[in-house]
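Just the heavy atoms: all of them, side chains too, but no hydrogens, waters or symmetry mates, feed the values below. Every value quoted in this text rests on a predicted model; they were computed, and no experiment measured them.
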Protein chains: 2
Amino acid sequence: MTSGQEVHTAVGARLRQVEQRYTASRRRLVDVLAGAGRPLTIPEILSDDARLPQSSAYRNLAVLEQAGVVRRVQVHDEFARYELDEDLTEHHHHLVCVGCGRIADYTVPRPLERALEKAIARVTAATGFDAHSHRLDLVGLCASCR
Amino acid sequence: MTSGQEVHTAVGARLRQVEQRYTASRRRLVDVLAGAGRPLTIPEILSDDARLPQSSAYRNLAVLEQAGVVRRVQVHDEFARYELDEDLTEHHHHLVCVGCGRIADYTVPRPLERALEKAIARVTAATGFDAHSHRLDLVGLCASCR
DNA sequence: CTCAGTGCAAAGGATTTGCATGCCG
DNA sequence: CGGCATGCAAATCCTTTGCACTGAG
């Protein structure tokens, strides 16, 4: 896990690469997401920092996504969710609770992760599909919804 | 892979379990999805069979989903997609092309699938999250978009 | 006859955009 | 100063719903 300061430095660099500024509200969005440790919906983000107007949140999250700073996570939920890019945090997957709709991060054992990557390489060779990344979600019930 | 006739029989049974009829338009939806071999968006489904009005398609897909006949697949796409439930087809995963937005089905080698299940069992034990199913998507570029 | 299913048109709701204003560079 | 970022409000667009009609049992 990188410190908050490092994250901001890295985010600033990425934004500059796509000729975007690292403004105060964008910084706030990054702060909220960095502090969550799980993908957040827009309503969650807005309630976390009341100074963020809805439309600016949507607009800035789109900019941040384009800059490779945040990632949009789509689930069966009605709301889209956002999280920091894995380069800024760590490679992980999601536990999707069908009871309460919450999403938690988790990481799989290193050996399995390696097996996944090997298998993905085989898929590329066999199908001609060039995989940039993979998503492994577990769908079920979290401890409090069981 | 089950034949078209078997699929209809199984679908009819599931609908009866939730006290729903297997009507002509529901049958058409199942036919379209069975013939696709990949998750389809509503526009794709509608253009495949012009006799399906939009609102009925949405409504019947919701019924079929509730009956466990179809599954809603959410991707970065703007449209939701639907596919037949895995019990009616076969356990598989998705190749998501970021170029054209298309989604293809694929299956991973049996040994990896077993490794996944073992790892999932460990996650359940360690975190208290009770996983009913898993999703493994590969995100990248398909052969024609490379 | 009764009631679920259908289809049209209108409503809903998350997300996007137009436009006037403020602020960074 | 010039142009991007902002914030409000209005528009978009996928999806859902109200309502009158049809058809199966």
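In this structure, the OH atom of A:Tyr22 is 14 Å from the P atom of C:dG25, given to the nearest Å. Atom CG of A:Leu46 is separated from atom P of C:dT15 by 10 Å (rounded to the nearest Å). Per the geometry, CG belonging to B:Asn60 stands 13 Å off P belonging to D:dT16, to the nearest Å. Separating the CZ atom of B:Arg28 from the C1' atom of C:dG7 is a distance of 13 Å, rounded to the nearest angstrom. The interatomic distance linking A:Arg27 (CZ) with C:dC24 (C1') rounds to 14 Å, in whole Å. Between A:Arg81 atom CZ and C:dA14 atom P the separation is 14 Å, expressed in whole Å. Atom CZ of B:Arg16 is separated from atom P of C:dG5 by 14 Å (rounded to the nearest Å). When the C1' atom of C:dT16 is taken as reference, atom CG of A:Leu61 falls 13 Å away, rounded to whole Å.
Put simply, A:Val70 and A:Leu88 are part of the same group of oily side chains (I, L, V, M, F, W, Y) that touch within less than 4.5 Å, one to the next.
Side chains of A:His93 and A:His134 form a contact here, defined as non-hydrogen atoms less than 4.5 Å apart. Put simply, the side chain of A:Arg38 does not reach to within 4.5 Å of the side chain of A:Ile103, judged on heavy atoms. Contact annotation: the side chain of A:Lys118 never approaches that of A:Arg114 to less than 4.5 Å [non-hydrogen atoms, C-beta and beyond]. Side-chain contact check for A:Ser56 versus A:Ser25: every heavy-atom pair is 4.5 Å or farther apart.
Figure legend: cation-pi geometry between A:Arg16 and A:Tyr22 absent, as NZ or CZ is not positioned both under 6.0 Å from the six-membered ring centre and within 45° of its axis.
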Please produce a list of atom pairs where a protein N or O lies less than 3.5 Å from an N or O of nucleotides 19-25 of chain D.
none

Show the distances under 3.5 angstrom between N or O atoms of the protein and N or O atoms of nucleotides 12-14 of chain D.
none

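One N or O on the side chain of B:His76 and one on the backbone of A:Arg72 form a donor-acceptor pair closer than 3.5 Å.
Within the hydrophobic cluster formed by Ile, Leu, Val, Met, Phe, Trp and Tyr side chains joined at under 4.5 Å, directly or through other members, A:Val18 stands alone, with no partner residue. With side-chain heavy atoms closer than 4.5 Å counting as contact, directly or through intermediates, the hydrophobic cluster containing B:Leu116 also holds A:Leu95, A:Tyr106, A:Val108, A:Leu112, A:Leu116, A:Ile120, A:Val123, A:Phe129, A:Leu136, A:Leu138, B:Leu95, B:Tyr106, B:Val108, B:Leu112, B:Ile120, B:Val123, B:Phe129, B:Leu136, B:Leu138.
Counted within 6.0 Å of CD on B:Gln66, heavy atoms from surrounding residues, nucleotides or ligands total 12 or fewer; the atom is thus considered open. Under a cut-off of 6.0 angstrom, the local environment of CZ in B:Arg28 is crowded, with over 12 non-hydrogen atoms contributed by other residues, nucleotides or ligands.
For A:His91 and A:Glu86, the side-chain atoms include at least one donor-acceptor pair closer than 3.5 Å.
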Open item on the list: Is there a side-chain contact (heavy atoms from CB on, under 4.5 Å) between A:Thr41 and A:Val75? Walk through the geometry before answering.
Closed with: CA-CA 11 Å; A:Thr41 63; A:Val75 212; over 6 Å; no

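Between its two ends, the helix from C:dC1-D:dG25 to C:dG25-D:dC1 turns its axis by 30°, counting five pairs per end and rounding to 10 degrees.
Projected onto DNA chain D by closest heavy-atom contact, B:Arg72 and A:Glu19 fall at different nucleotides, the more 5' of which corresponds to A:Glu19.
The stretch residues 47-57 of chain B comes close to DNA chain D through B:Gln54, B:Ser55, each having a heavy atom under 4.0 Å from the strand.
Partner B:Tyr82 forms a side chain to side chain contact (heavy atoms under 4.5 Å, CB included) with one of B:Leu64, B:Ile42, B:Leu29, B:Val73 and no other, that one being B:Ile42.
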